[in-house]
Number of protein chains: 2
Amino acid sequence: MAPRSPSGQPRAPEAAAIGFRPLYRQVRERLLRRLAEGAWPAGGMLPSEPALAAELGVSPGTVRKALDALAAENLLVRRQGRGTFVARHDERRILFQFFRLVSDRGERQFPESEVLALTRAGANAREQARLGLAASARVFRIRRLRTLGGRACIAESIALPEALFPGLSERTLPNNLYGLYAEEYGISIARASERLKAVILPPGDATLLGVGPGTPALAIDRLAIAIDGRRVEWRLSRCLTRHLHYASELV
Amino acid sequence: MAPRSPSGQPRAPEAAAIGFRPLYRQVRERLLRRLAEGAWPAGGMLPSEPALAAELGVSPGTVRKALDALAAENLLVRRQGRGTFVARHDERRILFQFFRLVSDRGERQFPESEVLALTRAGANAREQARLGLAASARVFRIRRLRTLGGRACIAESIALPEALFPGLSERTLPNNLYGLYAEEYGISIARASERLKAVILPPGDATLLGVGPGTPALAIDRLAIAIDGRRVEWRLSRCLTRHLHYASELV
DNA sequence: CAGTGGTCTAGACCACAGG
DNA sequence: CTGTGGTCTAGACCACTGC
């Protein structure tokens with residue numbers, strides 16, 4: 001095939017409708033859309049690079065660049081000699097991508113969770129704002145106590161748009177919620193943004209965590225975004241940082 | 001030139017001494033070493049891709065991959081149509097790479113600093129451990145009060161190995177310390193790792209920041225690493241997060 | 001052994017910057 | 001106009017995996 005413009009004057013008519021971004025960007029977005037649609041199951045293998053290239057009518061190098069980008073976003077996992085796979089929300093990935101609390105001795109460990117309550121209510125103002133919900137929207141609220149190494153250290157409040165999670169019930173709640181969202185509701189969390197503050201633990205949380213009034217805690221306000229860009233979960237975690245810290249690499 | 005093994009069986013004898021990593025990795029490390037040696041001044045332009053490729057005896061694509069990697073690490077800046085440049089430690093870069101505190105209204109702003117003291121002392125146990133110093137080593141200690149939008153919000157204590165910063169004196173201390181390290185001492189900070197905890201502000205810091213006893217603060221413990229891997233600076237910042245938060249993107 | 005991703009090369013053209 | 005990085009293509013061989 002003759003070289004084509006990098007800005008997109010391709011011969012294939014289907015590609016012309018995509019737009020004027022670089023071709024590998026367009027390929028990335030097409031693959032992203034198919035991932036969001038669930039075209040391949042979690043953990044499933046994608047077609048090989050030459051197969052995708054032929055299917056999309058671009059060169060293998062262009063497909064490779066798109067796949068590399070999606071792998072860098074932790075949406076795909078590439079394994080030499082085996083293939084390219086849809087990333088799963090297993091504990092390893094959560095620990096690597098979404099969990100930044102580390103014991104002061106350096107151990108990264110996935111916390112245990114005890115669900116204290118699952119309730120339904122109309123979304124309050126903060127929930128509406130953070131999740132982008134209408135004033136009439138309803139949410140599930142989950143309250144959990146989390147422990148690390150047997151020590152209670154996180155009091156957590158979670159809000160989920162009710163419309164996205166039909167039939168959610170307390171006994172279905174596993175420790176790894178993102179795995180549940182993916183497997184039961186086809187919602188794949190792709191990224192999250194966190195805002196951290198230092199606060200004095202509110203009395204309820206202090207009691208829950210078994211510490212005195214006036215104890216400081218790290219408040220982590222996390223908004224989780226799905227692969228299609230929807231705001232899926234708002235989570236407020238108050239963490240005791242006496243034996244833990246939040247690790248952040250500035251690279 | 002004939003294709004060569006990706007594991008490195010190159011013809012050029014100089015390259016044979018590098019090792020068995022991928023060629024683009026080897027090229028990245030050679031360029032990194034030259035950056036660390038100060039072969040090009042901060043803000044200076046590197047040779048063009050074809051020139052580097054000819055000089056190193058590899059294909060332009062391989063050089064490109066190495067340059068892209070260094071640009072992704074914020075050590076180089078690539079500008080289409082102009083060239084590839086050594087990244088400078090200007091306020092924009094600091095704000096982008098090293099400063100995570102954001103006003104709750106969303107503005108990212110570089111804080112002002114007032115130096116309260118610059119002293120010299122033998123390194124204490126924590127300084128020795130964090131900076132990897134011998135028991136006999138000496139350090140500079142800097143104490144600063146930092147303000148954002150006119151509001152005092154950060155009490156900061158900094159420790160620097162005395163051996164790395166000969167002649168450091170109080171009147172030479174600018175607001176942007178990383179710029180000083182680079183320009184006056186040829187030390188380029190490449191990355192940093194931070195550990196965050198929630199604490200009760202010690203009385204001295206509370207007085208300095210003009211808040212009452214028992215006020216919670218975000219303690220940011222940062223170790224800054226130079227481009228050659230040396231531990232250069234240990235910094236402990238205690239931040240009031242009443243109108244600020246620490247932003248962290250989980251991608 | 002066949003099939004996969006990983007690396008390396010070579011060369012074309014485009015977009016952008018600045019003289 | 002020249003020179004730069006950015007994109008796209010094409011094809012070779014290597015390294016790893018699992019049958």
Side-chain angles (χ1 to χ4, degrees), chain A residues 1-12 15-16 18-31 40 44-72 76-87, chain B residues 1-12 15-16 18-31 40 44-72 76-87:
Chain A
M1 184 185 293
R4 52 173 67 159
S5 159
S7 301
Q9 299 295 339
R11 292 189 188 162
I18 294 180
F20 291 117
R21 294 170 303 274
L23 235 200
Y24 74 90
R25 238 9 216 162
Q26 301 175 31
V27 169
R28 175 194 163 279
E29 276 150 35
R30 291 183 65 174
L31 294 174
W40 303 286
M45 181 176 156
L46 269 65
S48 74
E49 295 178 6
L52 279 174
E55 178 187 335
L56 300 172
V58 300
S59 93
T62 301
V63 166
R64 159 166 286 271
K65 212 167 168 180
L67 291 173
D68 283 344
L70 292 168
L76 297 178
V77 176
R78 316 199 73 182
R79 274 179 277 189
Q80 183 173 167
R82 298 196 48 198
T84 301
F85 303 84
V86 180
Chain B
M1 183 183 294
R4 52 174 67 158
S5 160
S7 303
Q9 299 295 338
R11 292 188 189 162
I18 295 180
F20 290 117
R21 294 171 303 273
L23 234 199
Y24 73 90
R25 247 351 226 168
Q26 301 174 33
V27 170
R28 175 193 164 278
E29 276 150 35
R30 290 183 65 175
L31 294 174
W40 302 287
M45 183 176 154
L46 270 64
S48 74
E49 295 177 6
L52 279 174
E55 179 188 333
L56 300 172
V58 301
S59 94
T62 301
V63 167
R64 159 165 284 270
K65 212 167 168 180
L67 291 174
D68 283 343
L70 292 168
L76 298 178
V77 176
R78 316 199 73 183
R79 274 179 276 187
Q80 183 173 167
R82 297 196 49 196
T84 301
F85 302 84
V86 180

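Here the structure is a predicted model, which means the values were calculated and not measured. Here is how names work: the chains are called A, B, and so on, in the same order as the sequence lines, proteins then strands, and each is numbered from 1.
Between the OG1 atom of A/T62 and the NZ atom of A/K65 there is a distance of 8.0 Å, given to the nearest 0.5 Å.
One interatomic measurement links the two molecules: CZ of A/R79 to P of D/dG18, which rounds to 9 Å at whole-angstrom precision. The CG atom of A/L76 sits 11 Å away from the P atom of C/dG6 (whole-angstrom rounding). Taking atom CG on A/L23 and atom P on C/dC14, their separation rounds to 14 Å, with Å as the unit.
Listed by chain and number, the residues in a salt bridge (charged side-chain N to carboxylate O under 4.0 Å, His left out) with B/R28 are B/E73 (sequence neighbours excluded). With sequence neighbours excluded, no residue satisfies side chain to side chain contact (heavy atoms under 4.5 Å, CB included) with A/A72. Applying the side chain to side chain donor-acceptor pair (under 3.5 Å) test to A/R64 and every residue at least two apart in sequence or in another chain returns A/E49.
Put simply, A/Y24 has no side-chain N or O that comes within less than 4.0 Å of OP1 or OP2 on D/dC8. Under 4.0 angstrom from either OP1 or OP2 of C/dG5 there lies at least one side-chain N or O belonging to A/T84.
Considering all non-hydrogen atoms of both residues, B/A66 and B/Y24 come closest at CB-O, 3.5 Å. Nearest heavy atom pair, residue B/V86 against residue B/L76, reads CA-CD2, 4.1 Å. The shortest heavy-atom contact between B/M45 and B/W40 is O-CD1, 4.2 Å. Taking both residues in full, the closest heavy atoms of A/V63 and A/A53 are given as CG2-CA, 3.5 Å, listed atom of the first, atom of the second, then distance.
With a 4.5 Å cut-off on side-chain heavy atoms, A/L52 and A/L31 count as touching.
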Test side chain to side chain contact (heavy atoms under 4.5 Å, CB included) applied to B/T84 and B/L70, step by step:
CA-CA 10 Å; B/T84 301; B/L70 292 168; over 6 Å; no

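In this structure, the nucleotide among C/dT4, D/dT9, D/dG6 sitting nearest to the side chain of B/R78 is D/dG6.
Remark: A/R64 in residues 61-68 of chain A come within less than 4.0 Å of DNA chain C through at least one heavy atom. Of the residues in residues 46-54 of chain A, those placing a heavy atom less than 4.0 Å from an atom of DNA chain C are A/S48, A/E49, in numerical order.
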Could you list, one pair per line, each protein nitrogen or oxygen that sits under 3.5 Å from a nitrogen or oxygen of nucleotides 16-19 of chain C, together with the distance?
| unit_1 | atom_1 | unit_2 | atom_2 | d |
| --- | --- | --- | --- | --- |
| C/dG18 | OP1 | B/R82 | NE | 3.4 |

